[in-house]
2 protein chains.
Amino acid sequence: MFERCLYFNLNALTRKVNRIWESEFRQTGLSAPHAYVMRLVLSEPGISQKHLAEELHLDPSTVTRFVDALAERRLVRRDTSHTDRRSAAVFPTAEGKRLQKKLEKIGEGLFQAMQTRLGDKHFQELVSALREARSTLEKS
Amino acid sequence: MFERCLYFNLNALTRKVNRIWESEFRQTGLSAPHAYVMRLVLSEPGISQKHLAEELHLDPSTVTRFVDALAERRLVRRDTSHTDRRSAAVFPTAEGKRLQKKLEKIGEGLFQAMQTRLGDKHFQELVSALREARSTLEKS
DNA sequence: CCCTTATGTTTGTATGTACAACCATTATTA
DNA sequence: TAATAATGGTTGTACATACAAACATAAGGG
């Protein structure tokens with residue numbers, strides 16, 4: 001009934017893709033969203049939560065909670081920025097750094113698995129279309 | 001950092017689209033997911049929850065809860081099917097039926113708004129790509 | 001330098017959704 | 001037909017996520 005519906009098709013695919021991602025990242029002990037925060041912290045140690053929220057398109061309160069969870073597990077630590085004491089700088093711990101290789105490998109594996117399963121061209125066009133749609137909806 | 005990532009782009013766009021849908025359907029007093037269940041019940045009175053779950057690609061337990069919520073608001077009622085007493089048949093109430101026009105109008109409005117904003121061709125290709133990706137991932 | 005406003009973070013709370021375990025009923029098979 | 005398996009639904013629980021309100025600090029204007 002909703003074959004032509006953007007909302008329906010987006011959500012249905014997202015749930016399915018999320019299950020795949022979830023199951024791959026489970027071997028790191030992290031959920032997929034936590035893994036993505038971790039990857040970003042690893043790639044930019046000292047990043048602020050505001051910046052994390054912007055890059056990930058998440059609400060700042062959500063980022064607070066994700067960072068809380070990672071800090072709880074001693075994978076990151078928070079430091080108040082010395083240039084602006086409102087701002088939290090998030091750093092990977094040594095234990096966090098030890099995850100980096102595995103996280104990137106899983107990410108790369110998923111990228112290639114999707115490329116293969118969906119077909120190189122389809123895959124790339126889908127991702128571009130998603131990015132473009134978001135950027136269009138962000139304007140206006 | 002995740003520009004080429006299916007998971008990231010899918011989730012980011014979904015959150016954005018969901019906010020748009022949410023805000024449009026709010027005038028009916030229903031969340032977008034509840035509105036979609038309602039639309040399906042209206043289009044197929046007596047539909048079973050199993051069938052609802054299948055069509056919407058939702059877990060049966062999720063459907064239980066959505067139908068609970070709609071029943072609470074007297075928009076639908078549950079009847080045990082007479083051919084299989086395990087199965088629940090879901091019917092719109094009179095009050096539920098009164099929502100139909102508005103629901104369809106909002107759905108149609110969103111369809112056209114998206115078509116316009118994203119461009120006719122882009123829109124159609126995106127929706128097709130989403131549907132095809134899901135169907136590909138469902139096999140294998 | 002105070003007062004107001006802006007900004008980054010956190011907390012309270014609410015919703016969507018899944019999974020696993022369970023219950024009730026129906027179907028199957030020994 | 002009694003025992004077992006399959007099926008539809010529900011409940012317990014957990015997580016992702018948002019929004020609004022609060023809080024702390026910083027910036028700017030009198």
Side-chain angles (χ1 to χ4, degrees), chain A residues 7-8 10-23 25-26 29-38 46-73 76 78-90, chain B residues 7-8 10-23 25-26 29-38 46-73 76 78-90:
Chain A
Y7 172 85
F8 167 74
L10 251 186
N11 278 281
L13 179 59
T14 298
R15 290 192 292 267
K16 181 158 286 287
V17 165
N18 287 355
R19 273 195 292 275
I20 296 173
W21 254 247
E22 212 56 64
S23 94
F25 279 105
R26 183 182 270 77
L30 297 178
S31 69
H34 289 176
Y36 274 64
V37 171
M38 194 66 216
I47 188 174
S48 74
Q49 296 189 182
K50 175 187 173 48
H51 199 155
L52 278 169
E54 276 167 10
E55 291 247 341
L56 295 168
H57 296 271
L58 291 172
D59 192 273
S61 65
T62 301
V63 170
T64 293
R65 273 151 183 152
F66 288 178
V67 171
D68 282 352
L70 293 172
E72 187 76 25
R73 310 180 58 146
V76 305
R78 252 189 276 244
D79 219 356
T80 37
S81 151
H82 282 301
T83 63
D84 182 346
R85 279 187 330 222
R86 287 171 301 186
S87 176
V90 186
Chain B
Y7 172 85
F8 167 74
L10 205 41
N11 279 282
L13 179 59
T14 297
R15 289 192 292 267
K16 181 158 287 288
V17 165
N18 286 356
R19 273 194 291 275
I20 296 172
W21 255 246
E22 212 55 65
S23 95
F25 280 105
R26 182 181 272 76
L30 297 178
S31 69
H34 289 175
Y36 275 64
V37 172
M38 194 66 215
I47 189 174
S48 72
Q49 295 189 184
K50 174 188 174 46
H51 200 157
L52 279 170
E54 275 167 10
E55 291 248 340
L56 296 168
H57 296 270
L58 290 172
D59 192 273
S61 64
T62 301
V63 170
T64 292
R65 271 148 186 156
F66 287 177
V67 171
D68 283 352
L70 293 172
E72 187 76 24
R73 309 180 60 145
V76 305
R78 254 190 275 244
D79 219 354
T80 37
S81 151
H82 282 301
T83 63
D84 183 344
R85 280 187 329 225
R86 286 170 300 186
S87 176
V90 186

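In what follows, every chain begins at residue 1, and chains take the letters A, B, ... in the order their sequences are listed.
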Close N/O contacts between protein and nucleotides 13-15 of chain C (under 3.5 Å):
unit_1	atom_1	unit_2	atom_2	d
dT13(C)	O4	Arg65(A)	NH1	3.4

For dT9(C), does OP1 or OP2 lie under 4.0 Å from any side-chain N or O of Ser87(A)?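 True: Ser87(A) side-chain N/O within range (under 4.0 Å) of dT9(C) OP1/OP2.
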Report yes if at least one side-chain N or O of Arg15(A) is closer than 4.0 Å to OP1 or OP2 of dA18(C); otherwise report no. yes
Value rounded to 0.5 Å, distance of NE2 in His82(A) from CG in Asp84(A):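 So the NE2 of His82(A) and the CG of Asp84(A) are separated by 12.0 Å.
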Reported NZ-to-CD1 distance for the pair Lys50(A) and Ile47(A), which is rounded to 0.5 angstrom: 11.5 Å
Tell me: [atom1] of [X] to [atom2] of [N], nearest whole Å?
| X | N | atom1 | atom2 | result |
| --- | --- | --- | --- | --- |
| Arg19(A) | dA18(C) | CZ | C1' | 8 Å |
| His82(B) | dT26(C) | NE2 | P | 12 Å |
| Lys16(A) | dT17(C) | NZ | P | 15 Å |
| Ile47(A) | dT9(C) | CD1 | C1' | 15 Å |
| Asp68(A) | dG12(C) | CG | C1' | 14 Å |
| Glu22(A) | dT17(C) | CD | C1' | 12 Å |
| Asp59(A) | dG12(C) | CG | P | 16 Å |
| His51(A) | dT9(C) | NE2 | P | 11 Å |

Could you tell me whether the side chain of [Y] reaches within less than 4.5 Å of the side chain of [X], counting heavy atoms only?
| X | Y | answer |
| --- | --- | --- |
| Glu22(A) | Ser31(A) | yes |
| His57(B) | Lys16(A) | no |
| Val37(A) | Leu56(A) | yes |
| Leu30(A) | Leu70(A) | yes |

Quick one: sort the Tyr36(B) and Tyr7(A) rings into parallel, tilted or perpendicular, breaks at 30° and 60°. tilted
Between His34(A) and Phe66(A), what is the ring plane arrangement, given parallel below 30°, perpendicular above 60°, and tilted in between?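 Taking Phe66(A) first and then His34(A), their aromatic rings stand perpendicular (interplane angle over 60°).
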Looking at [X] and [Y], would you say the former's side chain and the latter's main chain have a donor-acceptor pair under 3.5 Å?
| X | Y | result |
| --- | --- | --- |
| Arg73(A) | Gly29(A) | yes |
| Arg15(A) | Leu58(B) | no |
| Thr14(B) | Leu10(B) | yes |

Pick out the pairs of N or O atoms, protein on one side and nucleotides 1-6 of chain C on the other, that lie under 3.5 Å.
none

Closest-nucleotide 5' rank along DNA chain D - winner of Pro33(A) and Thr83(A):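 By nearest-heavy-atom nucleotide position, the 5'-most residue is Pro33(A).
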Find which nucleotide of DNA chain D each of Tyr7(B) and Arg78(B) is nearest to by heavy atoms, and output the residue with the more 5' nucleotide. Arg78(B)
With a 3.5 Å cut-off and no angle check, do the side chains of Ser87(A) and Ser48(A) form a donor-acceptor pair?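 Per modelled atom types, Ser87(A) and Ser48(A) side chains form no pair under 3.5 Å.
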Span of DNA chain D in contact with chain B (heavy atoms, under 4.0 Å):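 Nucleotide range in contact with chain B: dA6(D) to dC19(D).
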Side chain of Phe66(B), heavy atoms from C-beta onward: which of dT26(C), dT11(C), dT17(C) has the nearest atom to it? dT17(C)
